[in-house]
Amino acid sequence: LKNKLSNCGRRFWLRSTHAALCTSLECENQFRQLTNDKIPAFRNIPQQRRPAAPLTPTLREGGPQKILYLGRIEKAKGIYDLLDAYKRLRGKYEQAEMVFAGDGAASGALSEAIAALNDPHVRFVGRLTAEEVFAELQDTYLLICPTQNAFKEGLALVCIEAAVYGVPSVMSTAVPAAYLLPESGTVYEADSVDGLASA
C-alpha cells in the first residue's frame with residue numbers, strides 16, 4: 001500500500017514530463033511501468049570510468065579473503081542480512097574478513113552493530129573516493145550486493161566494476177545486473193539470509 005501511494009505521488013509530479021533519459025534498462029522498465037508507457041523513455045548507459053593502469057586479476061589463494069559491500073548504507077540494501085550471514089559463516093571460514101564501504105541513513109546504526117559484534121575482522125570504512133573504490137577492489141575476494149525487495153535497484157554498477165577487476169559477485173534477485181554478468185557472479189533469493197549465506 002505504501003508503494004502504491006508513493007507511486008501515485010510520483011505519477012502526479014510526472015504529469016508535466018515530456019520524456020525521460022534512463023541510465024539503465026532497469027530504470028527504463030521502472031519508468032515505463034510507473035507512467036503506463038505514456039511518456040517516451042530513452043536509454044543511454046553512460047561510459048564507465050576505467051582504471052588508469054592495466055588490470056591483472058589474480059586468484060587470491062591464502063591470506064585474508066576480503067568480502068566487500070560497496071554501496072548505500074541503508075537497511076533495504078540488505079546490509080544487516082549480510083552481517084547476519086557473515087556471523088553464521090565466520091567460524092567456518094577463519095580467513096574471511098568483512099568490509100562495509102559507503103554512506104547512508106543507516107551508517108550510525110551499522111557502526112553500532114559492528115562495534116557490538118566486537119570482531120576485528122569486520123570493518124566499516126565509510127564513504128570512498130573513486131580512487132579508494134579501485135584500491136578496495138584490487139584486494140577483494142568477493143563482492144556482495146544483498147539488496148532487498150523493498151529497495152528499487154536501478155542498476156548495480158558496482159557489480160560491473162568488480163567484474164572488471166576479476167572479482168566475482170553474489171547478488172540478490174532484486175539486483176538487475178545479473179543478466180549482464182552471467183559468468184561473473186551468482187544469484188540468491190532476495191530477503192533470504194539462508195540463501196545469502198549459502199551463496
Taking all atoms of both residues into account, what is the closest heavy-atom pair of Phe31 and Pro40, and its distance?
CE2-O, 4.2 Å

Pairs where residues 187-199 contributes a residue and the test side chain to side chain donor-acceptor pair (under 3.5 Å) is met, not counting sequence neighbours
Arg88-Asp194, Asn149-Asp191

Tell me the closest heavy-atom pair linking Ala106 and Ile79, and the distance in Å.
CB-CD1, 4.0 Å

Leu34 backbone acceptor or donor facing Arg11 side chain under 3.5 Å:
yes

Rounded to the nearest 0.5 Å, what's the gap from OH on Tyr141 to CD1 on Ile67? Could you check?
9.0 Å

Should Tyr165 and Val125 be regarded as members of a common hydrophobic cluster, given that ILVMFWY residues are connected when their side-chain heavy atoms come within less than 4.5 Å of each other, either directly or indirectly?
yes

Is there a side-chain contact between Cys159 and Cys145 (heavy atoms, below 4.5 Å)?
yes

Can you tell if the side chain of Asp119 reaches within under 4.5 Å of the side chain of Arg90, non-hydrogen atoms only?
yes

Of the non-hydrogen atoms in Ala113 and Tyr80, which two are nearest, and what is the gap between them?
CB-CE2, 4.4 Å

I'd like to know if the side chain of Ser184 reaches the main chain of Leu181, judged simply by a donor and an acceptor atom lying under 3.5 Å from each other, with no hydrogens or angles considered.
no

Give me the atom names and distance for the closest heavy-atom approach of Phe124 to Ser107.
CE2-O, 3.6 Å

Does some side-chain heavy atom of Lys152 sit less than 4.5 Å from a side-chain heavy atom of Gln30?
yes

Of all residues at least two apart in sequence or in a different chain, which pass the salt bridge (Lys or Arg N to Asp or Glu O under 4.0 Å) check with Arg32?
Glu28, Asp37

Starting from Leu82, can I reach Leu89 by hopping between I/L/V/M/F/W/Y residues whose side chains sit under 4.5 Å apart?
no

Which atom of Thr140 lies closest to which atom of Val167, heavy atoms considered
O-CG2, 3.6 Å

Partners passing side-chain contact (heavy atoms from CB on, under 4.5 Å) against Glu132 (at least two apart in sequence or in another chain)
Leu128, Thr129

Heavy atoms, side chains only, cut-off 4.5 Å: are Tyr69 and Val99 in contact?
no

Rounded distance (nearest 0.5 Å) linking atom CG of Leu143 with atom CG of Leu137:
7.0 Å

Please report the shortest heavy-atom distance between Gln148 and Ala174, naming the atom on each side.
O-CB, 3.7 Å

What about Val193 and Met171, same hydrophobic cluster or not, with Ile/Leu/Val/Met/Phe/Trp/Tyr joined at side-chain heavy-atom distances under 4.5 Å?
no

With side chains defined as the heavy atoms from C-beta onward, is the minimum distance between Ile114 and Leu110 less than 4.5 Å?
yes

Can you see whether Phe12 has Arg10 sitting over its ring - NZ or CZ less than 6.0 Å from the centre and within 45° of the normal?
no

Between Asp103 and Arg72, is the closest basic N to carboxylate O distance under 4.0 Å?
no

Is the shortest heavy-atom distance from the side chain of Lys66 to the side chain of Arg123 under 4.5 Å?
yes

Would you say Leu83 and Leu117 make side-chain contact, with heavy atoms under 4.5 Å?
yes

Cluster overlap Val187 with Leu70, hydrophobic side-chain contacts below 4.5 Å
no

Phe151 six-ring centre to Lys77 NZ/CZ under 6.0 Å and within 45° of normal:
yes

Pairwise side-chain contact, Ile144 with Leu68, heavy-atom cut-off 4.5 Å (strictly under)
no

Please check this pair: side chain of Ser172 against backbone of Thr147, looking for a donor-acceptor N/O pair closer than 3.5 Å.
yes

Under 3.5 Å: donor-acceptor pair, side chain of Glu74, backbone of Gly104
no

Atom pair CG/OG of Leu142 and Ser169 - distance to nearest 0.5 Å:
7.5 Å

